[in-house]
2 protein chains.
Amino acid sequence: MKQNSLHVGTLAKGLRLLRAFDEAHVSLTLTELVERTGLEKSAVQRLAHTLHVEGMLDRDPDTRRYRPSHAWLELAYVYYWSDPLISRALPKLIEFSRTVGETVNLAQMSGDHIIYALRLPNHRTHFAASIVGRRVPALATASGRVMLATRSEAEYREACATWPLPAVTPLTITDRAVVEDDVIAARRNGYTITEAQVLLNEISLAVPIIGTDGRADAAVQVSLSSLTYDFDRVRREILPVLLDTTASIQG
Amino acid sequence: MKQNSLHVGTLAKGLRLLRAFDEAHVSLTLTELVERTGLEKSAVQRLAHTLHVEGMLDRDPDTRRYRPSHAWLELAYVYYWSDPLISRALPKLIEFSRTVGETVNLAQMSGDHIIYALRLPNHRTHFAASIVGRRVPALATASGRVMLATRSEAEYREACATWPLPAVTPLTITDRAVVEDDVIAARRNGYTITEAQVLLNEISLAVPIIGTDGRADAAVQVSLSSLTYDFDRVRREILPVLLDTTASIQG
DNA sequence: ATTTGAGTATCATTATTTGATACATTAGAT
DNA sequence: ATCTAATGTATCAAATAATGATACTCAAAT
């Protein structure tokens, strides 16, 4: 179990309990935790108990199910303060959201996924509105591709060849050559538009936030209904404002 | 150190490292972690290393400072899915935000504090816009008082007598009798308005979300500028819409 | 009434954490 | 540029604290 003498196995196991929860498993019993973590029953018993006492897990006294506690929100709060991009981007995104009236998100690269760090929903946003913290394979998203487009050729080719590219929707493009073409196009254009890659009937427009080294680790992405918009209209009406927004965040 | 044989001290210590980060300490060196946690240097070294390897802490290779990782956002994402109130309230809050055009928050009771679980900012929201996950002493907030007002007399009297009531701003009311009067008024009125209790020049209007047992564990709160609004105008223009909103969340 | 499954409690064993110490590297001062 | 203090890293013997097998309790289902 121990590879490095600095590795504290007990702590790692405790974190595995936290990771056992996801959108499909929002509350877990002791035995479910055993199944999902693969740990011994006794260990799970002790670790879950400790997480509960320490305030990281709530527990329903009747069903005895463990649930994420408010502490999980507090951690996100601290993350927001810790990431300077958030405070820089938020006022600009509010402004954008107000003038355009459509849902706007801030995405960041996180390994081979993107993670949504901010979302300002608009009035016709469907349920999955709370996607802050959600991870999606980068290649499947406009944000991911447009960020890759700012990297070196070696880097984006490697990514297009090896990063995960599951069929999130029936319409998700799983042909890596097509994805790479899209990245190459984004290098010229400075933006990417996709449709129905992550969500059906959703058009995504993304523009990178480019750092001082020319590389982007973040992007601003607008979610639009394909029932209301087509690519041309997006380019005409949304893109110019979005480019202003990202420029002001970089500045 | 161990009181209960089910308590796993190592895990608890690891969590202390996570809690060492807050809005004033967004990145920490090894020695700073030692200071803030009160643990041994060797222990902190191992625990921090483990948290880093397990993806809970990022590390700047130059400064060697530990920082919250994206995982902190992922946890909030899971929390959102785990709390049924979130998905019930969000569409209604979006609707409210759209018709009223002012910042609206969802607050939940968390011990003797409230915690902000959702925020939809408006365009003139000042910086501290990202307050999701922030905890504030319940007695100092309109949300906290209006929730207390739905509890039994014994309960709210106990709370008003013992819960923390620090002077968050120079204008925060620290007279517990006054706070209790406000709670009592909220029992009659079904809402509370405060001014400058948490933030100067901020008027807060809060209405409880009452559960089937008649108790409220959550409240919807609107943040308004006292430069634009006075209490009368708030009651006339905002309150009726807000009451509709909370009613629809309960239904 | 009996069985099953889930949660809880206990304890000897030993693997793991511990914390002291020594070493390496960095940053700050002169 | 050189030295010094502070910070970070690595190692290891000692013993504490986690382990996991087992037995017990309880509730729900047959």
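This one's a predicted model, so the numbers in the text were calculated from it and none came from an experiment. Proteins come first, then strands; the chains are lettered A, B, ... in the order of their sequence lines, and each starts at number 1.
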Which of residues 27-43 of chain A sit near DNA chain C, with a heavy atom under 4.0 Å from it? A:Thr29, A:Leu30, A:Thr31, A:Lys41

Given 3.5 Å as the limit, does a donor-acceptor pair link the side chain of [X] with the main chain of [Y], or not?
{"X": "A:Gln250", "Y": "A:Ile210", "result": "yes"}
{"X": "A:Arg135", "Y": "A:His113", "result": "no"}
{"X": "B:Asp83", "Y": "B:Leu85", "result": "yes"}
{"X": "A:Asp60", "Y": "A:Asp62", "result": "yes"}

Distance check needed: [N] [atom2] versus [X] [atom1], whole Å only.
{"X": "A:His7", "N": "C:dT18", "atom1": "NE2", "atom2": "C1'", "result": "17 Å"}
{"X": "A:Leu6", "N": "C:dG19", "atom1": "CG", "atom2": "C1'", "result": "13 Å"}
{"X": "A:Leu11", "N": "C:dT18", "atom1": "CG", "atom2": "C1'", "result": "15 Å"}
{"X": "B:His52", "N": "D:dT9", "atom1": "NE2", "atom2": "P", "result": "10 Å"}
{"X": "B:Asp62", "N": "C:dT26", "atom1": "CG", "atom2": "P", "result": "10 Å"}
{"X": "B:Leu47", "N": "C:dT18", "atom1": "CG", "atom2": "P", "result": "6 Å"}

Salt bridge (charged side-chain N to carboxylate O under 4.0 Å, His left out) partners of residues 147-160 of chain A, not counting sequence neighbours, each pair once: A:Arg151-A:Glu155, A:Arg151-A:Asp217, A:Glu153-A:Arg157, A:Glu155-A:Arg215, A:Arg157-A:Glu180

Which is more 5' along DNA chain C, the nucleotide nearest B:Thr10 or the one nearest B:Thr63? Just name the residue. B:Thr10

Distance test, side-chain N/O of A:Arg46 to OP1/OP2 of D:dA18, below 4.0 Å: no

State whether a side-chain donor-acceptor pair under 3.5 Å links A:His49 with A:Glu54. no

Do B:Arg64 and B:Thr29 have side-chain atoms, one donor and one acceptor, less than 3.5 Å apart? no

Passes side chain to side chain donor-acceptor pair (under 3.5 Å), A:Thr245 versus A:Ser248? Steps please. CA-CA 5 Å; A:Thr245 300; A:Ser248 72; 5.6 Å; no

Quick one: sort the B:His70 and A:Tyr79 rings into parallel, tilted or perpendicular, breaks at 30° and 60°. tilted

What nitrogen or oxygen pairs link the protein and nucleotides 23-25 of chain C at under 3.5 Å?
none

Students often get this wrong, so: under 4.0 angstrom with heavy atoms, is B:Arg59 touching a base, only sugar-phosphate, or nothing? sugar-phosphate

Sequence-distant partners of B:Glu40, side chain to side chain contact (heavy atoms under 4.5 Å, CB included), two or more places apart: B:Ala43

For B:Tyr156, enumerate each residue passing the side chain to side chain donor-acceptor pair (under 3.5 Å) test, keeping only those at least two apart in sequence or located in another chain. none

Looking only at D:dA18, D:dG8, C:dT8, the nucleotide nearest the A:Gln45 side chain is C:dT8

Axis deviation across the helix from C:dA1-D:dT30 to C:dT30-D:dA1, five-pair ends, to the nearest 10°: 50°

